[in-house]
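What follows is a set of notes on a single structure, which appears directly below.
Throughout, protein chains are lettered first and strands after them, A, B, ... in sequence-line order, and every chain is numbered starting at 1.
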There are 2 protein chains.
Amino acid sequence: MKQNTRHTYEFPRPALATDCVIFGFDGGELKLLLTEREKEPFRNKWALPGGFVFIEETTEACAKRILFEKAGVKHVFIEQLYTFSEPDRDPRERIVSVAYFALVNKHQYDVIAGRDTLKAEWFEISNLPKLAFDHGKMVKMAIQRLKGKVSYQPIGFELLDEKFTLSQLQTLYEAILGNPIDKRNFRKKILGMGLLTELNEKEKNVARKAARYYSFNNKAYKELTQKGFHFEL
Amino acid sequence: MKQNTRHTYEFPRPALATDCVIFGFDGGELKLLLTEREKEPFRNKWALPGGFVFIEETTEACAKRILFEKAGVKHVFIEQLYTFSEPDRDPRERIVSVAYFALVNKHQYDVIAGRDTLKAEWFEISNLPKLAFDHGKMVKMAIQRLKGKVSYQPIGFELLDEKFTLSQLQTLYEAILGNPIDKRNFRKKILGMGLLTELNEKEKNVARKAARYYSFNNKAYKELTQKGFHFEL
DNA sequence: TCTTATTAGTGTATTTTTTACACTTTGACA
DNA sequence: TGTCAAAGTGTAAAAAATACACTAATAAGA
């Protein structure tokens, strides 16, 4: 350590960055928000929004900052995904990246995004462009994680509006899990959990029977969880 | 980037390290392998084995190296757990740590460890000493992860000998999940999966009916998995 | 205002899975 | 040869998951 007491070791350090896989949903297929790279390498290619970690911020704080700066996304569900550390994953130099995934209410986002000049676009998950760096790997892992998690944690609601119909919820689950679900069994199960608040409000201006709105009751969820309840769909 | 083409950014970088939560089992309670710190900070305190990441190795390679250098453990199951990045998690300076968890066959390990002079010791999970840094958090998370994973991935076998009795397997699951399991139902389920090879060998020198040995059939597991089979216990 | 199109909303019977439960067998040792 | 300790084994009941089809409501268009 010699004259330097600030550093615990002298050999070269990898740079540290975060990248974000951002999921959105608007009724059809599951979507990802990608940004176009402005600089080399991979200039003009699509990539996950990402950036370097400042010396005084956690990687999660960094991911949230990047989410806002590069994608215009704020106040959303975010969770650490995996840390990618292949020495050659970035052609410039050694960069270790802590990947996060975020669940965004697309409607809300689109309002914000309209005001910005960010080069960010939604892509259907089944129709993604080739991505820069190892971002393809990150996306693959994020989809897998979302699929796995959505069945035993009520995180799907993050992708919907505050109020939603049971059909919207079902469509979302079908989009994530990739298989059709029986309507009656789905409703029976989800309502049986007691996590949804039935609202006194229905859809308007639909050319069919209007569906009732529900909202996710987070308070009930936490209380039940404390009593040993396990969400499972 | 100007004159500097080697570095993608100039501001100070966190140091990068890995720490390993090492699980072992010998029939009673689940155990953790801890090492005594030789240097400050936390000199003479118990901690997870850990160390800095070299510039040309992945974090996983680093974890495996540390596992061997500091705990004498080689060729074991290892999986990335989580990346810890609180700016003050290390009193020396900013160090981001990618935590891993490892599953070790304790019998095999004890043979190796006997030859070494490492200050490493097994502690029962219910009786851990206070740990250095944020290692307590890491351990907590690792236990949670192991609990969650053991039911839908056949990783428990990593903790047992190549051949094991069904009672040993059951005792292991009981130790991890923390609740008793019905013997007949357990056997029915695990044998029904077709993942265990029945060996023509029984326990010796036991003062009771000798139990049959089984081994985990990894080939069968992979084949079944490809056909859409999902392990679940 | 009547018809059409479209999705909301609902219950039951069957199958599958999970759970609860107790006695006989085996082998070492005293 | 009796005792002790854990191995090994099946069935019935309960719970959960699945399969399945019609009526209700509303807007749009004839």
Side-chain angles (χ1 to χ4, degrees), chain A residues 25-29 150-152 160-161 163-175 177-215 224 227-233, chain B residues 25-29 150-152 160-161 163-175 177-215 224 227-233:
Chain A
F25 181 69
D26 61 3
E29 204 179 327
V150 89
S151 298
Y152 67 88
L160 298 175
D161 293 337
K163 29 182 167 167
F164 50 84
T165 69
L166 293 183
S167 293
Q168 286 168 347
L169 186 60
Q170 180 178 342
T171 309
L172 170 64
Y173 270 87
E174 288 173 330
L177 298 173
N179 49 34
I181 303 175
D182 179 89
K183 184 164 49 153
R184 282 183 283 195
N185 295 338
F186 179 79
R187 293 162 103 94
K188 206 189 307 173
K189 201 162 183 182
I190 193 85
L191 289 175
M193 290 186 202
L195 297 179
L196 300 188
T197 305
E198 187 176 308
L199 303 179
N200 285 323
E201 195 183 344
K202 293 190 174 185
E203 289 177 309
K204 279 169 190 154
N205 302 318
V206 287
R208 53 156 205 270
K209 179 170 177 179
R212 153 155 294 165
Y213 282 120
Y214 290 81
S215 67
L224 286 168
K227 289 179 197 156
F229 163 83
H230 285 281
F231 180 89
E232 171 132 32
L233 224 154
Chain B
F25 181 71
D26 61 4
E29 205 179 329
V150 88
S151 298
Y152 67 88
L160 298 174
D161 293 338
K163 27 181 170 168
F164 49 85
T165 69
L166 292 185
S167 292
Q168 287 169 346
L169 186 61
Q170 180 177 341
T171 308
L172 170 65
Y173 270 88
E174 288 173 330
L177 298 174
N179 50 32
I181 303 174
D182 179 272
K183 182 162 52 154
R184 282 183 283 194
N185 294 340
F186 179 80
R187 294 162 103 93
K188 205 191 306 175
K189 201 160 183 183
I190 193 84
L191 289 175
M193 290 187 202
L195 297 179
L196 299 188
T197 305
E198 186 177 309
L199 303 179
N200 285 324
E201 194 182 345
K202 293 190 175 186
E203 289 178 308
K204 278 168 191 157
N205 301 319
V206 285
R208 53 153 200 271
K209 179 170 175 180
R212 173 176 297 273
Y213 281 120
Y214 290 82
S215 67
L224 285 169
K227 288 178 196 156
F229 164 83
H230 285 279
F231 180 89
E232 170 131 31
L233 224 152

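Taking atom NZ of Lys204(A) as the reference point, atom P of dA8(C) lies 18 Å away to the nearest angstrom. Spacing between atom CZ of Phe186(A) and atom C1' of dA16(D) amounts to 17 Å, rounded to whole angstrom units. Put simply, CG on Leu233(B) is 15 Å from P on dT17(C), counting in whole angstrom units. The nearest whole Å value for the distance from the NE2 atom in His230(B) to the P atom in dT17(C) is 15 Å. Per the geometry, CD belonging to Gln168(A) stands 13 Å off P belonging to dT7(C), to the nearest Å. Rounded to a whole Å, the CZ atom of Arg208(A) is 11 Å from the C1' atom of dA25(D). In this structure, Lys189(A) places its NZ atom 19 Å from C1' of dT10(C), rounding to the nearest Å. Taking atom CD of Glu203(B) as the reference point, atom P of dG27(C) lies 12 Å away to the nearest angstrom.
Within the nucleic acid shown, Thr165(B) has no heavy atom closer than 4.0 Å to any nucleic acid atom. As judged by a 4.0 angstrom heavy-atom cut-off over every strand, Arg187(B) is placed among the base-contacting residues.
When side chains are defined from C-beta on, Glu198(A) does not count as touching Leu191(A), because their heavy atoms never get closer than 4.5 Å. Looking at Leu233(B) and Phe186(B), their side chains come closer than 4.5 Å, going by heavy atoms from C-beta outward.
Atom CG of residue Leu196(B) and atom CZ of residue Arg212(B) lie 12.5 Å apart, to the nearest 0.5 angstrom. Separation of atoms CG (Asn179(A)) and CD1 (Ile181(A)) is listed at 6.5 Å; rounding is to 0.5 Å.
Checking Arg184(B) against Lys183(A), the closest nucleotide of DNA chain C that is more toward the 5' end is the one next to Lys183(A). Nearest-nucleotide positions on DNA chain D place Ala207(B) closer to the 5' end than the other of Asp182(A) and Ala207(B). Along DNA chain C, the nucleotide nearest Lys202(B) and the nucleotide nearest Ser167(A) are compared for position; the residue whose nucleotide lies closer to the 5' end is Ser167(A).
With hydrogens and angles left out, the side chain of Asn205(B) and the base of dA28(C) share no donor-acceptor pair within 3.5 Å. With hydrogens and angles ignored, a donor-acceptor pair under 3.5 angstrom links the side chain of Lys188(B) to the base of dT11(D).
When the options Glu201(A), Gln168(A), Glu203(A) are evaluated for a side-chain hydrogen bond (donor to acceptor under 3.5 Å, both in side chains) with Lys163(A), the one that passes is Glu201(A).
Checked against dA28(C), dG9(C), dG8(D), the side chain of Lys209(B) finds its nearest nucleotide in dG8(D).
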